[in-house]
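Heads up: the structure comes next, in structure tokens.
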Amino acid sequence: MTGLDLEMARKVLDSQPFSGLVGARITAFGDGGATLEIDGREELQQQNGFLHGGVLAYAADNALTFAAGTTLGAAVLTGGFSIQYLRPATGGRLVARAFVVHSGRRQAVARCDLFTVDGSGAETLCAVAQGTVLNAASS
């Protein structure tokens with residue numbers, strides 16, 4: 001147990017200037033998981049009208065870290081992650097759902113599935129990511 005909750009997670013996210021720039025919001029947090037959402041605005045698209053891969057990578061990185069924070073505590077840092085893009089990200093909203101696969105005292109491994117959501121609420125998987133998150137307090 002970390003003593004963290006959704007309200008605290010939202011405060012942490014709100015304190016990140018880049019998260020504000022992309023308009024990220026955390027909609028679920030706890031029990032080894034976290035969900036981050038971003039509206040698919042034109043400013044976040046690449047030249048073909050798809051959400052930029054960097055936006056997906058940001059969402060995966062932050063969702064992985066928040067999920068790991070549910071098991072490791074608030075002082076966490078990304079140790080590394082990989083992302084596989086499955087299809088172009090189109091739709092009105094990006095949803096990054098991360099969950100902890102394994103957690104120890106010093107690090108956690110988490111997975112993130114990234115979906116686009118269209119106007120009717122249908123989700124399409126567009127990328128998957130996995131990463132290692134470090135407990136910065138134990139460094």
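Here, residue 1 is the first one in the sequence, and each next residue gets the next number.
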Could you walk me through whether Val95 and Thr35 pass side chain to side chain contact (heavy atoms under 4.5 Å, CB included), step by step? CA-CA 7 Å; Val95 176; Thr35 302; 3.7 Å; yes

Does the side chain to side chain contact (heavy atoms under 4.5 Å, CB included) test come out yes or no for Leu134 and Gln107, once each step is laid out? CA-CA 4 Å; Leu134 309 173; Gln107 70 178 18; 3.8 Å; yes

Thr124/Cys126 under side chain to side chain contact (heavy atoms under 4.5 Å, CB included): CA gap, chis, key distance, verdict: CA-CA 6 Å; Thr124 302; Cys126 59; 5.6 Å; no

Given side chain to side chain contact (heavy atoms under 4.5 Å, CB included), test Leu125 with Asp113 step by step and report yes or no. CA-CA 7 Å; Leu125 183 66; Asp113 295 329; 3.9 Å; yes

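Taken to the nearest 0.5 Å, the CG atom of Leu56 stands 12.0 Å off from the CZ atom of Phe115. One distance of note links CZ of Phe99 with CZ of Arg111; it measures 5.0 Å at 0.5 Å rounding. Atom CG of Leu114 is separated from atom CD of Gln84 by 12.0 Å, given to the nearest 0.5 angstrom. Here the OG1-CG distance, from Thr27 to Leu6, works out to 8.0 Å after rounding to the nearest 0.5 Å. In this structure, CG in Leu51 is found 8.5 Å from CD in Gln46, a value given to the nearest 0.5 Å. Here the OG1 atom belonging to Thr132 is positioned 10.0 Å from the NE2 atom belonging to His102, to the nearest 0.5 angstrom.
Judged purely by atom type and a 3.5 angstrom limit, Asn135 uses its side chain to pair as donor or acceptor with the backbone of Ala137. Counting only distance, with no hydrogens or angles, the side chain of Thr70 and the backbone of Gly32 share a donor-acceptor pair below 3.5 Å. Judged by distance alone, with hydrogens and angles left aside, the side-chain atoms of Arg93 form no donor-acceptor pair with the main-chain N or O of Thr116 at under 3.5 Å. Panel note: side chain Tyr85, backbone Gly53; a donor-acceptor pair is recorded below 3.5 Å. The closest donor-acceptor contact from the side chain of Gln45 to the backbone of Asn48 lies at 3.5 Å or more, if one exists at all.
By the 4.5 Å heavy-atom criterion applied to side chains, Val12 and Phe66 are counted as neighbours.
We find that Arg97 and Glu37 are not joined by a salt bridge, their nearest charged nitrogen and carboxylate oxygen being 4.0 Å or further apart. Between Arg25 and Asp39 there is a salt bridge, with a side-chain nitrogen of the basic residue lying less than 4.0 Å from a carboxylate oxygen of the acidic one.
The two atoms that bring Val100 and Ser103 nearest to each other are CG1-CB, 3.9 Å, heavy atoms only. Closest approach of Ala34 and Ala63 over heavy atoms only: CB-O, 4.0 Å. Nearest heavy-atom pair, Val76 versus Gly69, reported as atom, atom and distance to 0.1 Å: CG1-CA, 4.2 Å. Taking all atoms of both residues into account, the shortest heavy-atom contact from Leu64 to Gly131 is CD1-N, 3.9 Å. Nearest heavy-atom pair across Leu72 and Arg106 is CD2-C, 4.5 Å.
Every residue two or more places apart in sequence or in another chain was checked for a side chain to side chain donor-acceptor pair (under 3.5 Å) with Arg10, and none qualifies. Every side chain to side chain contact (heavy atoms under 4.5 Å, CB included) that Ala24 has, sequence neighbours left out, goes to Leu13, Ser19, Val22, Leu36, Ile38, Tyr58.
Shown here is Glu43, whose CD atom has more than 12 heavy atoms of other residues, nucleotides or ligands within 6.0 Å.
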